[in-house]
Amino acid sequence: MTQEPDRLFAQPLAQVPDFAFNEDVVRVFPDMIKRSVPGYPAIVENLGVLAAHFAKPDTLLYDLGCSLGAVTQALRRHVRQDGCRVVAVDNSSAMVERCREYLKAQDSMFQELLPVEVVEGDILQLPWQPASVVALNFTLQFIAPERRLELLGRIRQTLVPGGALILSEKLRFADTEEHELLTELHLDFKRANGYSDLEIAQKRSAIENVMKPDSLEEHRQRLREAGFSKVVPWFQCINFASLIALP
Ligand code: GEK
């Protein structure tokens, strides 16, 4: 499996199409997400540690919007509870196909990994089964805003006592000064990772109709409405954060 550098937006495009998780994106995805999302490697690695804390025997661990399965790999490495199984779901067939190859490679490198099932499907249409860990790692922001509460409600219903939802998202900020400063710092992060101003501008215009971030307050309120009793932010790097939501 070759990993290409992300140059998808390096040349001027006459018209920038809406961003889609297609084969072109799949080819460069590991490089793209690392160079675009501050704190991504730390979040993924620690998600395994968090999951090991919340996992309960004989339950599922969901990785929703799994892309190439980075979180799934961390869950499989860290969780040691008896009878746990990972269900990784994504609705991009290109992602799912490549994710299965990565997981096969993980199987050949490590022993005692949790069993995993990779499902091509819409996370709004899942046949839910009792779960102790649900990871939504930068996925909720791609769900239509009017469907987000419904999804979180279903996740809340599927979580067993003592389990947790781990929700990572790009944040926007109600305070204009805070929003502008953290947006500038995010652009600095991308430039420091080798993206040109043209790449940054074209990527932004591709993604603005597709990805709609919420503020921390909006997340807290929606999670409460969905029935979660407690929301604990455990990580923030510039304008990207991760929360633990307890049932
Ligand atoms: C990671 N979690 O590497 N149903 C299923 N999948 C969906 C849906 C949906 N309705 N909508 C979007 N997706 C990963 C990164 S990426 C985030 C997650 C990013 C999928 C979509 O196909 C994509 O693979 C993923 O959600 C979002 O930790 O690229 O910024």
Side-chain angles (χ1 to χ4, degrees), residues 3 6 8-9 18-48 50-51 61-78 86-100 102-103 106 116-128 133-152 154-155 165-172 186 189-190 193 195 203-204 206-214 235 237-243:
Q3 287 195 7
D6 172 22
L8 291 184
F9 296 98
D18 276 351
F19 189 83
F21 292 98
N22 56 27
E23 272 160 35
D24 292 337
V25 168
V26 165
R27 269 201 301 278
V28 303
F29 190 75
D31 183 61
M32 171 187 276
I33 197 154
K34 238 185 296 162
R35 288 164 66 210
S36 307
V37 175
Y40 174 79
I43 289 179
V44 170
E45 197 49 42
N46 284 294
L47 252 156
L50 266 58
L61 316 175
Y62 281 109
D63 177 10
L64 303 179
C66 61
S67 298
L68 299 180
V71 169
T72 291
Q73 292 203 25
L75 300 179
R76 297 182 79 201
R77 271 202 316 274
H78 285 271
V86 181
V87 175
V89 186
D90 206 288
N91 66 353
S92 154
S93 57
M95 283 290 187
V96 165
E97 191 181 322
R98 183 63 70 91
C99 179
R100 289 184 176 134
Y102 274 106
L103 294 176
Q106 190 192 26
V116 61
E117 180 189 356
V118 184
V119 176
E120 183 181 335
D122 185 349
I123 59 174
L124 293 163
Q125 312 280 345
L126 285 184
W128 299 96
V133 175
V134 177
L136 270 175
N137 206 40
F138 303 109
T139 302
L140 190 66
Q141 59 201 9
F142 290 99
I143 300 297
E146 65 278 9
R147 308 287 308 268
R148 291 178 189 178
L149 176 59
E150 168 195 341
L151 174 62
L152 294 179
R154 296 222 178 106
I155 292 171
L165 161 67
I166 302 159
L167 172 64
S168 312
E169 291 273 289
K170 183 178 186 182
L171 293 181
R172 60 183 193 83
H186 182 216
F189 172 90
K190 292 182 96 167
N193 282 326
Y195 283 120
K203 170 80 180 286
R204 187 195 298 164
I207 209 146
E208 66 192 357
N209 289 329
V210 179
M211 188 185 111
K212 310 263 187 208
D214 296 313
F235 187 92
C237 186
I238 312 184
N239 48 353
F240 290 74
S242 189
L243 317 171

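Note that this is a predicted model, so its numbers are computed, not measured. Just follow the structure's listing: the first ligand is 1, and inside any ligand the first atom is 1.
For atom 20 (C) of ligand 1, the candidate residues are Asp90, Leu136, Val44; the nearest heavy-atom contact is made by Asp90. Considering each of Ser67, Gly65, Ser93, the one bringing a non-hydrogen atom nearest atom 2 (N) of ligand 1 is Gly65. Taking each of Phe240, Phe21, Phe138 in turn, the one with a heavy atom nearest to atom 17 (C) of ligand 1 proves to be Phe138.
Proximity of a side-chain donor or acceptor of Glu169 to a complementary backbone N or O of Asp214 within less than 3.5 Å is not detected. The backbone N or O of Lys34 lies less than 3.5 Å from no partner atom in the side chain of Asp31, so there is not a single donor-acceptor pair. Looking only at distances, a side-chain donor or acceptor of Arg154 sits under 3.5 Å from a matching main-chain atom of Leu124. Checking side-chain atoms of Asp18 against main-chain N and O of Ala20 turns up no donor-acceptor pair under 3.5 Å.
Scanning the protein for heavy atoms near atom 1 (C) of ligand 1, the closest one is Tyr40 OH, 3.4 Å. For atom 28 (O) of ligand 1, the nearest protein heavy atom (residue, atom name, distance) is Asn137 ND2, 2.9 Å. At the top of the distance list for atom 9 (C) of ligand 1, counting protein heavy atoms only, stands Asn91 ND2, 3.2 Å. Scanning the protein heavy atoms around atom 19 (C) of ligand 1, the nearest turns out to be Phe142 CE1, 3.6 Å.
In summary, the atoms of ligand 1 found under 4.0 Å from a heavy atom of Ser92, numbered by their order in the structure, are 22 (O). Using a 4.0 Å cut-off to heavy atoms of Val71, the atoms of ligand 1 that qualify are 28 (O). Residue-ligand proximity, Asp122 to ligand 1, at heavy-atom distances under 4.0 Å covers atoms 4 (N), 9 (C), 10 (N). Here is the list of ligand 1 atoms found below 4.0 Å of a heavy atom in Thr139: 18 (C), 26 (O). Contact atoms of ligand 1 toward Gly121: 4 (N), 5 (C) (distance under 4.0 Å to a heavy atom of the residue).
Nearest heavy atoms, Arg35 versus Asn193: NE-O, 2.8 Å.
Heavy atoms of Leu124 found under 4.0 angstrom from ligand 1: none, in either backbone or side chain.
Trp128 and Tyr62 have perpendicular rings, their planes meeting at more than 60° on a 0 to 90° scale where under 30° would count as parallel.
Between Arg204 atom CZ and Lys190 atom NZ the span is 8.5 Å, to the nearest 0.5 Å. The structure places CD1 of Ile123 at 5.0 Å from CG of Leu64, a figure rounded to the nearest 0.5 Å.
Checked against Phe240 for a side-chain contact (heavy atoms from CB on, under 4.5 Å), the options Ser168, Pro38, Pro213 give a single hit: Pro38.
Considering backbone and side-chain atoms alike, Asp63 places every N or O at 3.5 Å or more from each N or O of ligand 1. Here's the thing with Ile123: one of its N/O atoms is less than 3.5 angstrom from an N/O atom of ligand 1. The distance criterion of under 3.5 Å between nitrogen or oxygen atoms is not met by Phe29 with respect to ligand 1.
When side chains are defined from C-beta on, Cys99 does not count as touching Asp90, because their heavy atoms never get closer than 4.5 Å.
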